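Whatever order the structure lists ligands and atoms in, that order sets their numbers, starting from 1. Computation of the quantities below employed the complete heavy-atom set of this structure, encompassing side-chain atoms and omitting hydrogens, waters and symmetry-equivalent molecules. For clarity, every value in this text was computed on a predicted model and none was experimentally measured.
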Amino acid sequence: MSKILLTGASGLLGLNLALAVAKEHQVYGVANTVPLSGMGFSNIQAELTEPGVVDSLLEQIAPDVVIHCAAMANVDDCESKPELAEKVNAYLPGQIALAAAARQIKMVHISTDAVFDGRKGNYAETDEPNPLSVYARTKLAGEKAVLAANAQALVARVNFYGWSVSGRRSLAEWFVNNLANNCPMQGFTDLFFCPMMVLDLVDTLLEAVAKDLMGLYHVVGPQAMSKYDFGCAIAHRFGYDPELIRPASVQEGGLKAARSPDLTLNTHKLVTSLGHPLPGFTAGLQKFYDQYLAGYPQFLKSLA
Ligand SMILES: NC(=O)c1ccc[n+]([C@@H]2O[C@H](COP(=O)([O-])OP(=O)(O)OC[C@H]3O[C@@H](n4cnc5c(N)ncnc54)[C@H](OP(=O)(O)O)[C@@H]3O)[C@@H](O)[C@H]2O)c1
């Protein structure tokens with residue numbers, strides 16, 4: 001059993017990760033503004049950007065691994081609050097990496113596919129990023145700061161979906177909520193990505209830690225698709241009407257921050273390092289649906 005210090009424990013990735021691994025590992029989850037209770041792991045409230053907080057947490061808990069999921073992850077909020085995004089997404093990861101390196105603690109840092117401008121697609125780790133938004137620019141600065149401070153760290157560029165405490169955090173939840181309420185919605189046919197179900201991401205990250213992978217890795221699903229196709233796949237799996245999703249261009253969406261059109265990532269490096277293919281999209285979507293049938297979304301809401 002490992003001792004895991006997990007930041008962002010109230011977030012979409014952090015909470016799913018904490019709940020999934022708390023039975024086998026000793027998990028210390030850090031949340032900030034969202035109070036959680038009854039989750040089966042140790043919950044710590046902390047504003048991580050406050051001076052001294054990171055060092056004191058690592059000193060007190062002395063984890064085997066710190067998984068840094070906390071971020072300002074709402075792309076449009078980052079556009080409105082660029083200084084805060086800089087502090088949380090760019091500066092904080094480097095501070096955690098330094099503090100972890102000083103204590104020989106393994107660090108996993110979560111970054112994003114959005115560091116690319118999306119003109120090419122099928123990006124490898126060796127491709128040059130070109131961030132288009134405040135979120136993307138600050139996340140790229142964060143991953144650079146981590147690798148500069150701590151060459152043993154694993155930096156994972158991810159894209160995932162799952163159920164969240166608010167029920168509104170992931171694109172998949174947005175599709176399910178609208179479909180369930182018979183609300184017509186747009187699905188962008190000109191934005192491409194490689195979504196991975198959050199439980200598959202959790203398993204893949206833990207395997208990468210167990211194999212002591214370090215450096216930069218693309219950790220996304222093996223299947224590329226448009227956001228429209230993603231919505232239709234969800235509608236079919238849940239038995240809702242896919243006609244409620246109108247194919248549309250992102251230009252029609254009125255979104256604040258610029259979006260990269262093709263954020264499909266190449267996972268050859270990861271697949272080679274792990275020695276097996278990544279979990280498939282259909283099986284991942286089935287897990288998302290099974291959780292829905294089992295009442296997992298209501299369970300998550302009850303924690304906050
Ligand atoms: N969601 C996606 O599809 C996606 C795609 C690509 C990459 N990512 C990356 O994946 C990671 C996890 O994203 P997510 O969607 O799970 O994020 P999320 O749901 O927005 O959760 C963010 C978490 O960070 C915590 N946090 C933010 N600022 C903090 C601070 N100053 N001090 C302490 N905690 C703080 C929040 O705590 P409170 O809520 O308690 O305040 C929350 O637990 C991020 O690095 C994100 O950039 C996400």
Structural part of Ser164 in contact with ligand 1, heavy atom criterion under 4.0 angstrom: neither

Nearest-option assignment for atom 20 (O) of ligand 1, heavy atoms, candidates Met196, Arg169, His68: Arg169

Interatomic distance, Lys139 atom NZ to Ser133 atom OG [nearest 0.5 angstrom]: 11.5 Å

Hydrophobic cluster (4.5 angstrom, side-chain heavy atoms) - remaining members for Leu92: Leu5, Tyr28, Val30, Ile44, Leu48, Val53, Val54, Leu57, Leu58, Ile61, Val66, Ile96, Ile105, Met107, Val146, Leu147, Val155, Leu216

Parallel, tilted or perpendicular: rings of Phe230 and Phe175 (30°, 60°): perpendicular

Salt-bridge present (Glu128, Lys120; N to O < 4.0 Å): no

Nearest protein heavy atom with distance in Å, relative to atom 41 (O) of ligand 1: Thr33 OG1, 2.6 Å

Verify same cluster id: Val108, Val115 (apolar side-chain graph, 4.5 Å): no

Parallel, tilted or perpendicular: rings of Tyr240 and Phe238 (30°, 60°): parallel

Option of least heavy-atom distance to atom 11 (C) of ligand 1 (set: Ser10, Cys69, Ala73, Gly8): Cys69

Close-contact set for ligand 1 against Ala46 heavy atoms, below 4.0 Å: 32 (N), 33 (C)

Parallel, tilted or perpendicular: rings of Phe116 and Tyr123 (30°, 60°): parallel

Ligand 1 to Gly14 polar contact by distance, N or O atoms, under 3.5 Å: no

Heavy-atom nearest neighbour in the protein, as seen from atom 27 (C) of ligand 1, with distance rounded to 0.1 Å: Ala71 O, 3.4 Å

Per-atom contacts of ligand 1 with Val34, taking only distances under 4.0 Å to non-hydrogen atoms: 38 (P), 39 (O), 40 (O)

Residues forming a salt bridge (charged side-chain N to carboxylate O under 4.0 Å, His left out) with Asp76, sequence neighbours excluded: Arg259

Cation-pi check, Lys227 onto Phe193 ring (under 6.0 Å, within 45° of axis): yes

For atom 25 (C) of ligand 1, the protein heavy atom that lies nearest, with its residue and separation: Ala70 CB, 3.8 Å

Best match, Tyr135, Tyr161, Phe160, Phe193: closest heavy atom to atom 3 (O) of ligand 1: Phe160

Selected option - heavy-atom contact closest to atom 9 (C) of ligand 1, from Ile110, Val115, Asp77: Ile110

Contact (N/O only, under 3.5 Å) between Gly11 and ligand 1: yes

Nearest neighbour in protein (non-hydrogen) for atom 16 (O) of ligand 1: Leu13 N, 2.8 Å

Nearest neighbour in protein (non-hydrogen) for atom 31 (N) of ligand 1: Glu47 OE2, 2.8 Å

Same apolar cluster (I L V M F W Y, side chains within < 4.5 Å links), Leu263/Val198: no

Spacing of OG1 belonging to Thr49 relative to CD belonging to Glu86, to within rounding of 0.5 Å: 13.0 Å

Residue-ligand contact Ser111/ligand 1, heavy atom below 4.0 Å: yes

Protein heavy atom at shortest distance from atom 28 (N) of ligand 1: Val88 CG1, 3.9 Å

Where ligand 1 meets Lys139 - atom numbers and elements under 4.0 angstrom, heavy-atom basis: 44 (C), 45 (O), 46 (C), 47 (O)

For Thr112, the ligand 1 atoms whose distance to one of its heavy atoms is below 4.0 Å: 6 (C), 7 (C)

Nearest neighbour in protein (non-hydrogen) for atom 32 (N) of ligand 1: Leu48 N, 3.0 Å

Closest protein heavy atom (residue, atom, distance) for atom 34 (N) of ligand 1: Asn32 CB, 3.5 Å

Lys106/Asp64 salt bridge by N-O under 4.0 Å criterion: no

Heavy-atom proximity to atom 6 (C) of ligand 1, best of Val158, Thr7, Leu171: Val158

Salt-bridge contact Asp200-Lys287 (side-chain N to carboxylate O under 4.0 Å): yes

Leu12-ligand 1 polar pair, N/O distance under 3.5 Å: yes

